[in-house]
Amino acid sequence: MYKRILTAALLFGMACTGPPVFAQALACAPRAALASQLEAAYGETLAARGLQNPNALIEVFASAESGSFTVLISRADGMSCILSTGTHWMVEPVAPPKEGVAS
């Protein structure tokens with residue numbers, strides 16, 4: 001009896017320590033196709049971008065009307081993947097430079 005209880009406890013314990021399973025994989029497509037789909041479906045246009053590394057560009061597409069946004073990572077081979085989406089996108093005004101501070 002103790003063997004069965006111990007075996008069941010070990011099996012359930014091992015199952016709980018497994019790696020998490022992601023709900024779905026990244027949605028990837030050619031960058032031009034993703035950009036046109038974001039504009040057509042959500043009214044999102046390119047709002048910001050920056051290099052993550054020499055082979056990857058992070059891009060934010062956003063809609064001023066709806067406030068929705070999508071974050072893409074675009075690779076050098078022309079493929080892009082959706083990293084994140086959200087709502088309530090806001091653009092913060094750029095603060096003027098302080099006098100006497102080198103820029």
Side-chain angles (χ1 to χ4, degrees):
M1 181 163 149
Y2 289 113
K3 283 184 183 180
R4 289 183 183 172
I5 293 173
L6 181 61
T7 302
L10 285 173
L11 286 176
F12 287 118
M14 289 172 56
C16 292
T17 61
V21 177
F22 294 103
Q24 67 186 71
L26 293 175
C28 298
R31 186 197 175 281
L34 270 179
S36 63
Q37 184 179 7
L38 289 173
E39 185 169 4
Y42 304 103
E44 295 180 1
T45 57
L46 185 62
R49 71 172 104 183
L51 281 176
Q52 181 184 30
N53 62 50
N55 297 317
L57 180 70
I58 300 292
E59 298 179 294
V60 179
F61 286 78
S63 170
E65 291 82 33
S66 68
S68 67
F69 67 92
T70 304
V71 180
L72 301 179
I73 184 164
S74 297
R75 300 185 317 223
D77 65 0
M79 291 296 289
S80 292
C81 298
I82 297 175
L83 293 179
S84 182
T85 61
T87 59
H88 297 86
W89 177 258
M90 296 180 287
V91 177
E92 297 294 324
V94 178
K98 296 180 181 178
E99 289 188 30
V101 176
S103 53

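From a predicted model like this one, the values you see are computed outputs, not experimental measurements.
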Exercise for the section: Measure the OG1-CG distance between Thr70 and Leu46 for me, rounded to the nearest 0.5 Å. Expected result: 11.5 Å
Handout entry: Distance, nearest 0.5 Å, that separates CD of Glu44 from CD of Gln37
Key = 10.5 Å
Completion exercise
All heavy atoms of Phe61 vs all of Arg31, minimum pair found to be CZ-NH2, 3.6 Å
Exercise for the section: List the atom of Gly43, the atom of Glu65, and the distance in Å for their closest heavy-atom pair. Expected result: O-OE1, 4.5 Å
Practice task
Determine whether Val60 and Val91 fall in the same hydrophobic cluster, where Ile, Leu, Val, Met, Phe, Trp and Tyr are linked whenever their side-chain heavy atoms lie under 4.5 Å apart.
Solution key: yes
Exercise for the section: Nearest 0.5 Å please: distance from the CD1 atom of Ile58 over to the CZ atom of Arg49. Expected result: 12.5 Å
Residues 75-83, side-chain donor-acceptor partners within the protein, below 3.5 Å, at least two apart:
{"unit_1": "Arg75", "atom_1": "NE", "unit_2": "Asp77", "atom_2": "OD1", "d": "3.3"}
{"unit_1": "Arg75", "atom_1": "NH2", "unit_2": "Asp77", "atom_2": "OD2", "d": "3.1"}
{"unit_1": "Asp77", "atom_1": "OD1", "unit_2": "Met79", "atom_2": "N", "d": "3.1"}
{"unit_1": "Ser80", "atom_1": "OG", "unit_2": "Ser74", "atom_2": "OG", "d": "2.7"}

Problem - Joint cluster assignment, Phe69 & Ile73, ILVMFWY side-chain distance < 4.5 Å - result: yes
